[in-house]
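Note sheet for the following structure.
So that the names make sense, note that chain A is the first sequence line, chain B the second, and so on, each numbered from 1. Computed from a predicted model, the values in this text were never measured in an experiment. Heavy atoms only: backbone and side chains are in, while hydrogens, waters and symmetry mates are out.
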Amino acid sequence: MGMTRTALMQLGTSVLAGLERLGRAHLLLLATLCASDEVLRRPRLVLEQVFNIGTLSLVIVGVSGLFVGMVLGLQGYTVLAKFGAAESLGILVAASLVRELGPVVTALLVAGRAGSALTAEIGLMKATEQLAALEMMAVDPIRRILAPRLLGGLISMPLLAAIFSAVGVVGGYFVGVGLLGVDAGAYWGQMQARIDVQEDLVNGVIKSLVFGLVVTSVALFQGYEAVPTAEGVSRATTRAVVQSALLVLGLDFILTALMFGGD
Amino acid sequence: MFAEPPVNPDSGASSKESHAEPLVEIRDLCFRRGDQLIFADLNLDLPCGLVTAVMGPSGSGKTTLLKLITGQLKPDAGSIRVAGEEITRLDQQGLFRLRRRMGMLFQSSALLTDLSVFDNVAYPLREHTRLSPSLIRKLVLLKLEAVGLRGAWSLMPSELSGGMARRVALARAIALDPMMILYDEPFTGQDPISMGMLMALIRKLNDAARLTSILVSHDVQETLRIADWIYLIAEGRVLAQGTPAALTRDPSPWVRQFLDGLPDGPVHFHYPAPPLAKDLLGWG
Amino acid sequence: MVKRGMLELLVGLFVSLGFVALFFLAMQVSNLSLNLDQGGYRLTARFGNVGSLRARAPVTMAGVRIGRVESIQFDQHTYEAVVVMRIDPQINAIPEDTIASILTAGLLGEQYIGLEPGSSPDFLQDGDEITHTQSALVLERMIGQFLFKKAGEG
């Protein structure tokens, strides 16, 4: 009896704590979005963050996109050739990239490359009292530190995803057309006939905008809420990557069901 | 043990001024963190124009007190008035307005790591004034000159020693010519030379710029030498207060233990525990 | 920290790369280039059954794409499907007695509209209707007819 009671109480406590954390995360996100007006007055702050999140992730995203596209070309060809439909390789490569792999893999890469860096940066600023010092200088850290980073993430993510997909389509072309002998005209032509701007491209961009918001805001929240010690910051960094990866994959399922579920 | 009078040049004058209107007035302050009571009915006055020190053992809530005065934390009960304004009732805008007139020196210096020394000191000026770049440059160099680091303006915080970082942080704290500076453990982890420099700076700034200073520390000798008035706090209350001279003569055992650094006294060497024999035998 | 100027340059490079990629995806990978031909003129046709014809399906003549399906509506007075097609502007000599049929690419592929030219000297104008139409072949119905015929023979 006593054991059950204790177990139930522990469960209740952890659920309540989780809900409270979730609530604080959303409040912080709301406050950050409301504080974005500052950014219009100092666009350079956002520029710096587009550099940190976008430009610095360019190499890893480009190289990954190339290889993912090449693997898609290779695997897609072997499967499609069995059904005598190797000409449809272009559709397979482009649809997988534009709809799914582009936004999702880019979001995972950015979470690992830039999200962890954001968490560590904010966490260290907290641990070394820089955030408190800003507060004492009558500067709101949400305005000056968090808002530009959130906006930088929102701008960078769709662009990175587009680069990933574009490089991937070219990678699939190298393997499919260059190595395996699929007709170049069929590769591009089938692709163009079946990939729709509205249906595929715009939905892909919407996905990566959502992922940009999720990855950046999770990273910022974890940094802002980090226990201000070396250990706390390293734990927060791990949590940021794990949580944003899980959120991206879960949200991707929901978004896919909403966007493409009808067909 | 501390026979000579404090090095403060006008200690006679300041004892007269101590009756002046207090800049900070703390009444019946209660603050708890979780189940732990940090302050219970704390009463404290910080007179205008003086260096007031708050001393106490580690964990007695000295840093918390600074955070309460600057409105970074909200008390559970009681009132804190700074320059006539009730801190506990101000919204963020009101707090920010008041904080522009306060400077704070953090224990870890808290310089912005991706800005140079110059940009760190210029930060509050660029943030809160519309001065021209050339005027900001002059002001920053003057503030850096005041702390003796004009030559280091182009360095990054990672290239500074601990003492230099703290002096840069001090230059940043006085950039907007505040009415009050709060020092959080300014002497911790400093070598004797930079300790001496900091002490001289704190005194000099206070007297030259007509500032009010509040200093939180557990470094007894240094604090006794520069403070005009000292509060000793422990267990959430003020246990003793007075001028450094008066406190060094105070016979009460607690004051003696703290000021003389005795290992045992009213504050026990042992953390509260059941008798040793019972603990050892109890694990049958 | 990157120097001023350098930062702007690198960010500019990144952003323009991103937009080039988006442009590439829109023009080369997807059908935006096919959708851009908003010019041209409209023709309508009524079918008893459109099968699985969709908006944006190709409209072809002799196997060459000359336009696309713009919309498909249902007319509840005649119980017919009304298909609106947009024909490329340079194709301006389609005879009035042209036959429109709904065809299937391959055995199970996508459906499209094939136009079979007639011999009338008058050409269809914007907003005209193609009167001769042939509905989609529905596989189940064909199989049913086939079995029925077999049963009749036997």
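Residue A:V93: no heavy atom, backbone or side chain, is found under 4.5 Å from chain C. The contact between C:V15 and chain A is made by backbone and side chain atoms together, counting heavy-atom distances below 4.5 Å. Heavy-atom distances place both the backbone and the side chain of A:I163 under 4.5 Å from chain C. Residue A:L201 touches chain C through its side chain alone, counting heavy-atom pairs closer than 4.5 Å. Neither the backbone nor the side chain of A:V202 has a heavy atom closer than 4.5 Å to any heavy atom of chain C.
Annotation for C:F23: atom CZ does not count as buried by contact number, only 12 or fewer foreign heavy atoms lying within 6.0 Å. For C:F148, the CZ atom sits in a loose shell: 12 or fewer heavy atoms of surrounding residues, nucleotides or ligands are nearer than 6.0 Å. More than 12 heavy atoms of other residues, nucleotides or ligands sit less than 6.0 Å from atom CD of C:Q90. Counting non-hydrogen atoms of other residues, nucleotides and ligands closer than 6.0 Å to CD of C:Q134 gives a total of 12 or fewer. More than 12 heavy atoms of other residues, nucleotides or ligands shown are found within 6.0 angstrom of CZ on A:R42. Environment of CD in C:E116: sparse, with no more than 12 heavy atoms of neighbouring residues, nucleotides or ligands closer than 6.0 Å.
A:Q192 contributes a side-chain N or O that, together with a main-chain N or O of C:Q28, makes up a donor-acceptor pair within less than 3.5 Å.
Here the rule is side-chain contact (heavy atoms from CB on, under 4.5 Å) with A:L58, and of C:L17, C:L13, C:L10 only C:L17 fits it.
Annotation for C:E8 and A:R44: closest pair OE2-NH1, 2.7 Å, computed over non-hydrogen atoms. Contact record, A:A166 with C:A21: CB-CB, 3.8 Å, taken as the closest heavy-atom pair. Across every non-hydrogen atom of A:V50 and C:V11, the tightest pair is CG1-CG1, 3.8 Å.
Here A:F164 contributes atom CZ and C:L25 contributes atom CG; the two are 12.0 Å apart, rounded to the nearest 0.5 Å. How far CG of A:L159 is from CZ of C:F14: 5.0 Å, rounded to the nearest 0.5 Å.
The candidate from A:L160, A:D200, A:L97 with the greatest count of non-hydrogen atom pairs under 4.5 Å with chain C is A:L160.
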